[in-house]
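Positions are given from 1 along the sequence.
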Amino acid sequence: MRRQVTLLVAATTSVVLLAFLLPAASLVARLAASQAVDAGEQQLQSLIPVVALAPGREAVDPVVRRAAAAGTVIAVIWPDGEVLGDPAAAGGGPPPTTAGSTSTVAGTLIVQPVTRAGEGTAVISVLVPTADLRAGVTRTWLVLAGLGVLLFALALVLADRVARSMTRPVVELAATADRLGTGDLTARTRPAGPREVRAVGVAVNRLADRIGELLAAERESTADLAHRLRTPLTALRLDAEGLVDAAERERLVDDVEQLARTVDAVIREARRPVREGLAAGCDAVTVVGDRVRFWSVLADEETRTMTVTLAPGPLPVRVSDIDLAAAVDGLLENVFAHTPDGTSFRVEVGERHGGGAEVVVADDGPGLPAGVVLARGASGAGSTGLGLDIARRTAIAAGGELRVPPGPGATIVLSLGPPPVG
């Protein structure tokens, strides 16, 4: 918008300046020529009495010489054809019989016939050279051109300031909207500029306030849901553990544990809004290493061999540490929930081609049914499948993907893109 306003003012100013400067330049040229011709005519008029009344050409010749010495190109053609003065002013043809001026290659020729009593007609001729006709014109044109450039530059500066004052509120509004889009709900714009832009700014601030209120209400509802569900689950677990039949007790306890894990996954998913968007970032090596240390305690209890391979340096990825930790937890939880005790597994973090990182979680268990991670809520082991879906959507939001390479056991590859530049 700022560029368009500046271009519009530049085009308008150019048209106005051309409409003013071109006629002015033409007028300057005409005035200079008119002044030079008037000066030649005055010199010519001053010689008319001398030529008409002089007793002979001897009396006229000194006057012509003085005029020539003053810079006037002048000649007097005597009735018998003799030329007194500069032959260039004589014209080279037969003497004219009428007064007037004509344009030649050398300039403007002004002639005036003068009758001498008893001798005939003499002709006074003054040549105004082209240089005199254009004297001062070039300098004046340069002044006009400089004035035009100055006015054009001034117009552009003023247009830029006006355009900036109009576009600055829009740019600030766009920056605020971008911050809101990346998850910064504290971003607010200061309404400014034209009335319509101020109205949009007020609406954006109101929308941000409303989003914050909805998210706060969502978190409160999720916390209340967690509180309400955990109490009956605890009571159900106690009832199951109190059964006399050992087989029935183990079966019901396993079902309650599975239900508890499902509830935890649902609550984690409900509490996981897209917080940072595309601007989020973290070090995949640090986050995965932290989650591996957390799960290593349970791995030791279940006599699982855990092999961990982490890249030597930081690998920044386009996802927040909270979201990546939730995705890794979901993958590791699937290993513990759907493979027998003692099943070994490995966790690897390496650099992805083109930047980012690849997180690999693989186990030596029975594996996953083909395509199970491609559908939300699908699982081959009686769970909701939310853990894998969270990991899949985390990878997509980070500019990557979730893959299941073929082979023995279950191998999940979480591909994460690098954070955006700037």
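- The main-chain N or O of V335 is found under 3.5 Å from a side-chain atom of T339 such that the two form a donor-acceptor pair.
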Worked verdict on D364 versus S344 for side-chain hydrogen bond (donor to acceptor under 3.5 Å, both in side chains): CA-CA 6 Å; D364 296 332; S344 61; 2.3 Å; yes
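- Applying the side-chain hydrogen bond (donor to acceptor under 3.5 Å, both in side chains) criterion to Q112, with sequence neighbours excluded, gives no partner residue.
- With hydrogens and angles ignored, the 3.5 Å screen pairs a side-chain donor or acceptor of N205 with a backbone N or O of T189.
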Please step through salt bridge (Lys or Arg N to Asp or Glu O under 4.0 Å) for the pair R352 and E401, ending with a clear verdict. CA-CA 12 Å; R352 190 185 78 156; E401 60 179 349; over 6 Å; no
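- In this structure, D86 contributes its side chain and I74 its backbone to no donor-acceptor pair below 3.5 Å.
- Atom CZ of R65 has 12 or fewer heavy atoms from other residues, nucleotides or ligands within 6.0 Å.
- Separation of atoms CD (E358) and CD (E351) is listed at 10.0 Å; rounding is to 0.5 Å.
- Side chain of S296 to backbone of R293: a donor-acceptor contact under 3.5 angstrom is found.
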Please test V171 against R168 for side-chain contact (heavy atoms from CB on, under 4.5 Å), starting from the C-alpha separation and ending with a verdict. CA-CA 5 Å; V171 173; R168 184 186 295 112; 5.6 Å; no
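- Among residues two or more places apart in sequence or in another chain, the side-chain contact (heavy atoms from CB on, under 4.5 Å) test is passed with V63 by L47, V50, R66.
- A donor-acceptor distance shorter than 3.5 angstrom exists from the side chain of R249 to the backbone of L243, with no hydrogens or angles considered.
- In this pair, F336 and F345 present their aromatic rings perpendicular. The plane angle is above 60°, beyond the 30 to 60° band.
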What's the verdict on side-chain contact (heavy atoms from CB on, under 4.5 Å) for L44 and I48, showing C-alpha distance, side-chain angles and the deciding distance? CA-CA 7 Å; L44 185 146; I48 291 176; 4.2 Å; yes
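- With sequence neighbours left out, the salt bridge (charged side-chain N to carboxylate O under 4.0 Å, His left out) criterion links E250 to no other residue.
- Shown here for A155 and V9, the closest heavy-atom pair between the two residues is O-CG1, 3.8 Å.
- Atom CZ of R198 has more than 12 heavy atoms from other residues, nucleotides or ligands within 6.0 Å.
- In this structure, T13 contributes its side chain and A10 its backbone to no donor-acceptor pair below 3.5 Å.
- Separation of atoms OG1 (T411) and CG (L331) is listed at 11.5 Å; rounding is to 0.5 Å.
- The backbone N or O of G281 lies less than 3.5 Å from no partner atom in the side chain of R318, so there is not a single donor-acceptor pair.
- Atom CG of D300 sits about 9.5 Å away from atom OG1 of T305, to the nearest 0.5 Å.
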If you apply the rule salt bridge (Lys or Arg N to Asp or Glu O under 4.0 Å), what do you find for D389 with R392, and how did you get there? CA-CA 5 Å; D389 186 70; R392 179 183 63 84; 2.6 Å; yes
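- G201 approaches P191 most closely through the heavy-atom pair C-CG, 4.3 Å.
- For the side chain to side chain contact (heavy atoms under 4.5 Å, CB included) with Q43, the lone residue among T72, D38, I110 that qualifies is T72.
- W295 places no side-chain N or O within 3.5 Å of a backbone atom of D329 that could act as its donor or acceptor partner.
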